[in-house]
Number of protein chains: 2
Amino acid sequence: MFWVYKISQAMATATVEDYLKRIYLEQAGSAGTANRAADGDAAGGLVAMGQLARVVGVAPGTATAMVKALADSGLVNYEPYAGVRLTDHGEKLALHVLRRHRLIEQFLVEVLDMDWSEVHPEAERLEHAISDRLLERIDAYLGRPRTDPHGDPIPTAGGRVARPERAALIDVRAGRRLEVTRVLDQSPDFLRAMARHGLRPGAKVTVARHDEAAGTVHLKLSSRRSVTLGEAAARKILVKTRRRSN
Amino acid sequence: MFWVYKISQAMATATVEDYLKRIYLEQAGSAGTANRAADGDAAGGLVAMGQLARVVGVAPGTATAMVKALADSGLVNYEPYAGVRLTDHGEKLALHVLRRHRLIEQFLVEVLDMDWSEVHPEAERLEHAISDRLLERIDAYLGRPRTDPHGDPIPTAGGRVARPERAALIDVRAGRRLEVTRVLDQSPDFLRAMARHGLRPGAKVTVARHDEAAGTVHLKLSSRRSVTLGEAAARKILVKTRRRSN
DNA sequence: AACATGATTTTGACTACCCAAAAACTCAGG
DNA sequence: CCTGAGTTTTTGGGTAGTCAAAATCATGTT
Ligand SMILES: [Mn+2]
Ligand SMILES: [Mn+2]
Ligand SMILES: [Mn+2]
Ligand SMILES: [Mn+2]
């Protein structure tokens with residue numbers, strides 16, 4: 001006989017919750033950017049094992065074993081040599097973890113005055129330790145916020161997520177009046193750098209020029225400040241166009 | 001060769017933290033009540049393995065294995081067939097866990113409006129997930145409180161604990177003007193019952209009569225309410241005598 | 001001194017992860 | 001159709017806990 005990893009009933013462990021959340025984010029992430037139709041194979045939303053192992057931070061074989069166990073408990077569909085996809089049940093659980101993560105981040109920034117660059121690792125642990133009752137108290141205290149400090153949408157208790165599907169700063173024509181809605185990179189250095197330039201959700205900004213030769217995007221902030229971003233950074237700042245007048 | 005459970009370097013796991021905290025509480029608890037000198041043997045502060053297994057909630061053999069590992073890492077002194085005692089290093093760690101536990105409880109009650117009967121299990125998980133930075137923010141937000149919702153003293157960041165050493169309600173002479181300082185039973189039912197009677201830390205109370213034949217203690221609250229407690233309950237409510245005047 | 005009782009320790013086995021490296025598979029190019 | 005590079009899976013082994021039950025130990029009687 002060979003070894004079979006088994007997930008017992010009821011309560012998911014922190015590890016299982018993290019795997020599900022990661023699968024969800026990779027699934028959603030690949031749908032968000034410009035592939036999906038551009039993808040060669042028929043792998044609609046399938047997350048490759050190598051990719052999953054990388055984002056979870058484990059060796060490939062570890063991810064394979066875990067995904068088999070998740071499949072046995074009906075949380076994912078697993079196609080060997082192809083990838084994983086969440087089942088409805090798995091997605092529901094993933095969204096619940098994501099809700100906890102983002103509400104915690106928002107609470108830490110809004111109430112406890114922590115910096116948006118440092119709350120992610122904290123929430124990564126707290127999301128597994130907090131009860132539904134406490135989560136509800138936090139949600140109520142914050143007044144049912146829709147987004148976290150990075151502009152990421154907070155799933156509802158019922159498991160719905162707003163899909164803002166905004167444009168990235170790099171895709172926007174010059175001159176448009178914009179508002180930053182979301183920042184896609186959680187790394188502390190990047191977040192601190194953006195905050196230093198005033199580029200947080202809510203910031204009013206206009207693309208002055210996109211210099212494709214130099215690979216830079218020049219911005220004008222509402223504070224009259226000028227900021228120049230590289231294309232990689234400009235791809236990580238999502239914006240919406242602002243209504244004229246107000 | 002036989003199996004040796006090993007605690008690796010640096011960060012203690014949640015399990016290790018709970019064992020240390022439990023050993024500390026059993027050690028301190030037995031010193032607090034009326035034994036110590038009344039104890040037959042020379043086991044000054046030694047916690048028996050059976051007792052430890054019971055309070056941690058594991059089988060006796062499990063506790064033995066863990067305690068050996070704790071001893072190997074210098075967190076406890078272990079005398080086979082006699083018991084365990086924390087080393088200075090182990091006590092420091094235990095007090096840090098206890099500090100996290102109690103600050104979290106206080107925060108949940110004061111800020112998030114949870115009931116004092118439900119915060120204990122929540123803190124039992126959160127105490128292992130929270131960073132020192134976040135703990136400091138919580139402490140600051142609360143204004144450096146000295147006690148948690150149950151009146152238990154919060155150890156300082158430096159590892160000092162106030163040892164109030166108050167009298168229990170059952171030991172107090174009738175007529176004295178008293179203030180409830182601490183409630184020693186964390187069970188939700190007990191806490192809810194006491195709260196219903198108005199018996200929380202800060203409550204002003206007087207012993208009207210201690211009926212030893214009936215095994216009851218009759219109280220008068222400052223709200224003029226009369227409450228009758230059994231001796232077991234009266235042993236769990238700690239009080240201090242109030243200064244005359246104010 | 002010999003027992004009986006209860007507490008403690010040992011043994012053997014299990015769950016839930018994890019990694020390194022070998023084996024197997026896929027797929028694009030030739 | 002074959003090959004080789006890159007992925008993925010399998011295999012073998014390790015850590016951190018845990019339990020049930022057998023073996024051992026300490027102690028207070030007779
Ligand atoms: Mn996590
Ligand atoms: Mn976030
Ligand atoms: Mn705990
Ligand atoms: Mn408490």
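Please read these numbers as outputs of a predicted model, since none were measured by experiment. These numbers come from the heavy atoms of this one structure, side chains and all, not from hydrogens, waters or symmetry mates. Note on naming: letters A, B, ... go to the chains in the order of the sequence lines (proteins, then strands), and numbering restarts at 1 for each one.
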Working for salt bridge (Lys or Arg N to Asp or Glu O under 4.0 Å), residues A:Asp115 and A:Arg192: CA-CA 9 Å; A:Asp115 194 83; A:Arg192 268 194 295 271; 5.6 Å; no
Given D:dA16, D:dT9, D:dT18, the nucleotide with the shortest approach to the side chain of B:Tyr19: D:dT18
Interatomic distance, A:Leu46 CG vs C:dT26 C1' [rounded to whole Å]: 15 Å
Selected nucleotide, minimal atom distance to B:Lys68 side chain, candidates D:dT18, D:dT9, C:dT10: C:dT10
Presence of B:Thr64 side-chain N/O under 4.0 Å of C:dT9 phosphate oxygens OP1/OP2: yes
Value in whole Å for how far the P atom of D:dT8 lies from CZ of A:Arg54: 11 Å
Per A:Thr15 side chain, nearest of listed nucleotides C:dT10, C:dC17, D:dT8: C:dC17
Between A:Ser187 and A:Asp185: side-chain donor-acceptor atoms closer than 3.5 Å: yes
Residue-phosphate contact under 4.0 Å: B:Thr13 side-chain N/O, D:dG17 OP1/OP2: yes
Under 3.5 Å: donor-acceptor pair, side chain of B:Glu105, backbone of B:Pro149: no
Counterpart residues, side chain to side chain donor-acceptor pair (under 3.5 Å), relative to A:Thr156 (two or more places apart): none
Whole-Å gap separating C1' (C:dG6) and OH (B:Tyr81): 13 Å
Parallel, tilted or perpendicular: ring planes of A:Tyr141 versus A:Phe107, cut at 30 and 60 degrees: perpendicular
Atom-to-atom span, CG of B:Asp72 to C1' of D:dG17 - whole angstrom: 16 Å
B:Glu124 bridged to B:Lys21 by N-O distance under 4.0 Å: yes
Nearest-angstrom distance from the residue atom CE of A:Met66 to P of C:dT15: 15 Å
Touch class at under 4.0 angstrom, heavy-atom based, for B:Gly61 against every strand present: base
The helix from C:dA1-D:dT30 to C:dG30-D:dC1: angle between end helix axes, five pairs per end, rounded to 10 degrees: 20°
Closest to side chain of B:Ala59, choosing from C:dC19, D:dG17, D:dC19: D:dC19
Nucleotide D:dG17, atom C1' - distance to CG of B:Leu20 in whole Å: 15 Å
Whole-Å distance separating the CG atom of A:Leu70 from the C1' atom of C:dA16: 12 Å
Partners meeting side-chain contact (heavy atoms from CB on, under 4.5 Å) with B:Glu17 (sequence neighbours left out): B:Met11, B:Ala12, B:Val97, B:Arg100, B:His128
From D:dC19, D:dT9, C:dC17, nucleotide with atom closest to A:Pro80 side chain: D:dT9
Selection from C:dT9, D:dT8, D:dC19 that lies nearest to any side-chain heavy atom of A:Met49: D:dT8
Integer-rounded Å distance: D:dG6 C1' and A:Gln51 CD: 15 Å
Nearest heavy atoms of B:Arg102 and B:Pro153, plus distance in Å: NH1-O, 2.7 Å
Sugar-phosphate, base or nothing in reach of A:Ala48, heavy atoms under 4.0 Å: sugar-phosphate
